[in-house]
Amino acid sequence: MSELGTRLREARVEKGYTLNTLQQMTKIQKKYLQAIEDGKYEEVPGNFYVRAFVKQYADMVGLNGEDLLEEFQEELESQAEETDETLVETETTLPSRLSQRQGSNEKNAWEAVFSYLPVIFLVAIIVLIMLTLVVAINRIGNVEQNTTVNEPNSSSVVSSVEPDSVSLEPEDESSEESIETEPELAANQILVGDQVLTLISSEGEETTYEISGSFSDFTFEVEGLGYVWLGVYEDEMMIVDDTIAEGDTYEIAEVSEGTTSFRIRFGYPEGGLLIVNGTELPIDNAYFSDTIVFVLNEDTEEIDGTIQEETVVSDEISEEATNEFQGPAVLDPSNNTGNE
C-alpha cells in the first residue's frame with residue numbers, strides 16, 4: 001500500500017465510509033477505489049483517471065484534493081511512467097496475437113468455403129439440367145408449330161372453291177330501320193330511361209321538370225345518403241311523410257291517376273339521391289336543392305280536356321236522342337169508337 005493510499009484509507013475510515021458507500025457517493029467503481037488505496041495505479045485506465053479519481057476520493061473524505069495531488073506528484077508520475085512502459089509492452093505483444101488470430105480466422109473461413117463446395121457443385125448441376133430441359137422443350141414446340149404451319153388447310157381450300165358460301169343477297173333495310181336511335185335532346189332536357197324530362201325552372205325554392213305523356217311512364221326512387229326526412233306530394237296533398245337512413249331506398253312505383261303535379265322534398269339537400277326511371281337526376285338549383293317538382297305538359301292536359309269534353313257532349317246527344325225516340329206509333333183505341 002502506498003503512502004497516498006494509506007492517507008486516503010485513514011480519512012475514509014475516520015469518516016466511517018466503506019468502499020461500497022464511497023462507490024455510491026463518487027460513482028467510481030469499487031475496484032478502482034481499492035486500486036488507489038493499494039497503490040496499484042496500473043489497474044486504473046490511464047494517468048488522467050488516476051489523478052481525477054484521487055482528487056474526487058480526497059474531496060469526498062474531507063481532504064483537499066489539489067493539495068494532495070501536489071504533495072504526491074512524484075509518486076503519481078513515477079507510477080505513470082511504469083504504466084506507460086507496461087502499455088508499450090502490451091502494444092508490442094498484441095500485434096503478434098492479433099496476427100495469430102487473423103491467421104486462424106482466415107484458415108477457418110477457407111475451411112468453411114471448402115466444406116460448401118459439394119453443395120455448390122450439386123446446385124450447379126441441377127440448374128444445368130433444368131436449363132437443358134427448358135431448351136429442349138422450346139425446340140420441340142417450335143418444330144411442332146412449323147409443321148402445323150406448313151400443312152395445307154383442306155377446309156380453307158374447299159371453302160374458297162365453293163361460290164355458294166358468299167351471300168349476294170341485299171341487306172335487309174328494315175333491320176337498319178329497326179335500330180333505335182336516341183332522340184335529340186335540347187340543352188334543358190335529360191333522358192331518363194326511354195322518357196324525356198324538360199327543365200323549366202331552377203330558380204327560387206324549387207327545381208321544376210316538365211314531363212310529356214303520363215306519370216304512369218315514370219318510377220321514382222329515393223336513395224338515402226344520410227338520415228333524412230322525406231315528403232311526397234300529389235297536387236299539394238301529402239302522400240308520404242317518412243324518414244330514411246343512409247343506404248336505404250324508398251320506391252314510389254306509381255303516381256295516382258289524374259295527378260298533374262308531383263313534388264318530392266328532403267329534410268336537407270344532401271340527404272338523398274333522386275332516381276327517375278333508373279337514372280340519377282341532377283339538381284341544378286345552386287341554392288334550394290331540397291325540393292323537386294314534376295308537372296305534366298300543358299298540351300297534354302289540353303288534349304285530355306278536349307277529349308273529355310267531346311265525350312260529355314256525345315253522351316248528352318245520345319241521351320236526348322233516346323228521350324225523343326218513343327218507339328213506333330200505336331193507334332189509340334179511344335179514337336175508333338165511331339167506327340164501331
Side-chain angles (χ1 to χ4, degrees), residues 1-131 134 225-227 245-247 268 270:
M1 180 177 292
S2 65
E3 185 178 354
L4 174 60
T6 303
R7 180 82 63 84
L8 292 173
R9 183 177 180 281
E10 290 176 355
R12 174 177 63 80
V13 173
E14 185 178 353
K15 286 285 187 180
Y17 297 154
T18 64
L19 287 176
N20 291 329
T21 304
L22 196 61
Q23 175 181 238
Q24 295 178 359
M25 296 171 65
T26 61
K27 306 302 179 183
I28 300 173
Q29 294 184 24
K30 179 181 177 180
K31 63 180 182 178
Y32 296 144
L33 298 174
Q34 185 69 54
I36 290 171
E37 288 185 356
D38 296 339
K40 298 178 180 180
Y41 304 116
E42 68 276 5
E43 296 182 5
V44 181
N47 188 35
F48 171 80
Y49 288 101
V50 171
R51 297 178 63 85
F53 290 168
V54 168
K55 182 179 183 303
Q56 190 173 0
Y57 189 130
D59 292 340
M60 192 61 65
V61 295
L63 300 176
N64 191 324
E66 294 292 342
D67 296 341
L68 203 63
L69 289 174
E70 291 180 1
E71 182 179 352
F72 294 95
Q73 184 176 359
E74 294 181 0
E75 179 180 343
L76 294 174
E77 289 178 354
S78 62
Q79 185 64 35
E81 292 176 358
E82 294 177 0
T83 303
D84 293 339
E85 292 176 357
T86 305
L87 289 175
V88 171
E89 293 177 357
T90 304
E91 290 176 356
T92 55
T93 55
L94 281 177
S96 60
R97 294 180 181 178
L98 289 174
S99 60
Q100 293 177 359
R101 290 182 181 179
Q102 289 177 355
S104 61
N105 291 335
E106 291 177 357
K107 183 178 179 181
N108 293 333
W110 281 109
E111 290 178 354
V113 171
F114 285 126
S115 65
Y116 284 108
L117 282 178
V119 178
I120 294 173
F121 283 124
L122 180 60
V123 172
I125 292 171
I126 294 173
V127 172
L128 183 61
I129 293 173
M130 293 178 66
L131 290 175
V134 170
L225 299 179
Y227 186 79
E246 180 180 358
Y268 54 93
E270 297 80 9

Minimum-distance pair of heavy atoms, taken over all atoms of V50 and Y41:
CG1-CD2, 3.6 Å
Could you report the tightest heavy-atom contact between F53 and I36, atom names first, then the distance?
CB-CD1, 3.3 Å
Could you grab the distance from atom CD of E37 to atom CD of E10, nearest 0.5 Å is fine?
10.5 Å
Could you state the interatomic distance from NZ (K31) to NZ (K40), rounded to the nearest 0.5 Å?
13.5 Å
Within a strict 4.5 Å, meaning less than it, do heavy atoms of the L22 and K15 side chains meet?
no
Evaluate whether atom CD of E74 has more than 12 neighbouring non-hydrogen atoms of other residues, nucleotides or ligands under 6.0 angstrom away.
no
May I ask you to test the T21-T18 pair for a side-chain heavy-atom distance under 4.5 Å?
yes
Identify the residue among L8, V54, D67, L4 that makes a side-chain contact (heavy atoms from CB on, under 4.5 Å) with F72.
L4
What's the spacing between Y116 OH and L122 CG if we round to 0.5 Å?
14.5 Å
Just do the side chain to side chain contact (heavy atoms under 4.5 Å, CB included) check on N64 and L68 with the steps written out, would you?
CA-CA 6 Å; N64 191 324; L68 203 63; over 6 Å; no
To the nearest 0.5 Å, what is the distance between CD (E43) and CG (D38)?
8.0 Å
Return the minimal non-hydrogen interatomic distance between Y57 and L33, and the atom names on each side.
CD1-CD2, 3.6 Å
NZ-CD distance between K55 and E66, expressed to the nearest 0.5 angstrom
5.0 Å
Nearest heavy-atom approach of I28 to Q56 is CD1-OE1, 3.4 Å
Of the non-hydrogen atoms in A58 and G65, which two are nearest, and what is the gap between them?
CB-CA, 3.8 Å
Distance check, rounded to the nearest 0.5 Å: L69 atom CG versus R51 atom CZ?
5.0 Å
List for me each residue that meets side-chain hydrogen bond (donor to acceptor under 3.5 Å, both in side chains) alongside E71, sequence neighbours excluded, and say none if there are none.
R7
Shortest non-hydrogen contact between R12 and Y17, atoms and distance
NH1-O, 2.9 Å
